[in-house]
Enquirer: 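Supplied in structure tokens, the structure appears directly below.
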Amino acid sequence: MKHWLVKTEPSVFSIDDLKKVKITLWDGVRNYQARNFLKSMKKGDLVLIYHSNDQPVGVAGMAEVFKEAYPDPTQFDKKSEYFDPASTKENPRWACPDLKYVDKFKRIVALQELREDPKLTNLILLKRGSRLSVTPVAADEFRRIVKLANG
DNA sequence: GCCAACGTTGGC
DNA sequence: GCCAACGTTGGC
């Protein structure tokens, strides 16, 4: 089983929203590297939910892969902000998995804490200039972050 | 709102 | 294939 981290702006879709709807398609990712990570997610993989553009920014909870990646419907929707005129049904460009709510952490594990933790120096999220919205997380890094969340 | 660090586009 | 211009992300 693999572990991942996905970013979301809580003003658009937060861990509370996920808790409410239980299962959601993780749509709108329009970056090839991030898409490739979404495509390699397997059912049952665990996913950290990271809140960006928030106060504070950090890891807010956990989800699991409920359904493996399939063509992202928003790429065909002319009314969607994620519409991609270059994408066809025969050869869809973008994909999304379904994620299922697992847990909202009792507290946010702030970006600053992640940076300051000596066990997390290799976290891809922290690599200089990494703006990827989907990144793999090593099993021990994942456990460490969950431990931080539980105080 | 600013701006660094990208990723993408398109002319050549 | 190069690279300048432009757009986006996301922390601060």
Side-chain angles (χ1 to χ4, degrees), chain A residues 2-21 24-41 45-65 68-99 101-138 140-142 144-151:
Chain A
K2 291 191 174 176
H3 301 80
W4 310 91
L5 181 147
V6 298
K7 293 181 189 172
T8 180
E9 290 193 38
S11 60
V12 178
F13 189 86
S14 71
I15 189 72
D16 289 319
D17 293 323
L18 182 59
K19 186 174 185 175
K20 232 174 285 172
V21 301
T24 190
L25 68 169
W26 204 259
D27 60 1
V29 171
R30 295 292 180 271
N31 170 285
Y32 287 104
Q33 212 181 339
R35 178 206 64 182
N36 293 341
F37 286 138
L38 288 180
K39 279 185 168 180
S40 56
M41 288 182 178
D45 283 0
L46 294 177
V47 184
L48 294 170
I49 305 293
Y50 176 93
H51 281 178
S52 63
N53 284 315
D54 199 15
Q55 197 64 259
V57 292
V59 183
M62 195 194 301
E64 66 173 278
V65 178
E68 292 172 19
Y70 54 93
D72 180 342
T74 62
Q75 70 194 308
F76 308 122
D77 180 1
K78 285 201 172 91
K79 283 171 289 185
S80 170
E81 61 174 312
Y82 300 123
F83 176 65
D84 183 350
S87 192
T88 63
K89 299 243 182 188
E90 295 71 33
N91 192 15
R93 203 183 263 195
W94 308 110
C96 62
D98 283 349
L99 298 186
Y101 173 80
V102 172
D103 191 28
K104 179 189 176 179
F105 291 158
K106 288 190 184 65
R107 62 183 204 92
I108 299 272
V109 182
L111 176 61
Q112 199 181 341
E113 286 180 72
L114 301 178
R115 282 217 182 96
E116 289 169 355
D117 194 305
K119 293 199 172 74
L120 297 174
T121 51
N122 290 322
L123 200 63
I124 296 180
L125 179 76
L126 304 180
K127 295 295 176 193
R128 186 169 159 273
S130 174
R131 294 173 310 152
L132 266 183
S133 58
V134 182
T135 57
V137 177
D140 58 339
E141 293 169 339
F142 189 93
R144 177 66 180 165
I145 293 169
V146 171
K147 194 175 174 186
L148 290 173
N150 294 330

Enquirer: Could you go through A:Trp94 and A:Tyr32, starting from their C-alpha distance and side-chain angles, then the distance that decides it, and tell me whether this counts as ring pair (Phe, Tyr, Trp, His ring centres under 6.0 Å)?
Expert: CA-CA 8 Å; A:Trp94 308 110; A:Tyr32 287 104; 4.8 Å; yes
Enquirer: Where the side chain of A:Tyr101 meets the backbone of A:Lys104, is there a donor-acceptor pair that is under 3.5 Å apart?
Expert: yes
Enquirer: What's the shortest heavy-atom distance between A:Asp72 and A:Val29, and which atoms?
Expert: OD2-N, 4.4 Å
Enquirer: Considering non-hydrogen atoms only, spot the tightest contact between A:Glu64 and A:Val102 and give its length.
Expert: N-CG2, 3.5 Å
Enquirer: A:Tyr82: what forms a side-chain contact (heavy atoms from CB on, under 4.5 Å) with it, not counting sequence neighbours?
Expert: A:Arg30, A:Thr74, A:Ser80
Enquirer: Just by modelled atom types, is the A:Arg93 backbone N or O under 3.5 Å from a matching donor or acceptor in the A:Ser87 side chain?
Expert: yes
Enquirer: Should the pair A:Phe13 and A:Trp26 be assigned to parallel (<30°), tilted (30 to 60°) or perpendicular (>60°) ring geometry?
Expert: perpendicular
Enquirer: Check nucleotides 9-12 of chain C against the protein and report each pair of N or O atoms closer than 3.5 Å, with its distance, or say if there are none.
Expert:
residue : atom : partner  : partner atom : Å
C:dT9   : O2   : A:Arg131 : NH1          : 3.4
C:dG10  : OP1  : A:Lys7   : NZ           : 3.1
C:dG10  : OP1  : A:Arg131 : O            : 2.9
C:dG11  : OP1  : A:Tyr50  : OH           : 2.6
C:dG11  : OP2  : A:Asn53  : N            : 3.2
C:dC12  : OP1  : A:Arg115 : NH1          : 2.9

Enquirer: With a 4.0 Å heavy-atom cut-off, tell me which residues in residues 28-41 of chain A come close to DNA chain B, sorted by residue number.
Expert: A:Asn31, A:Tyr32
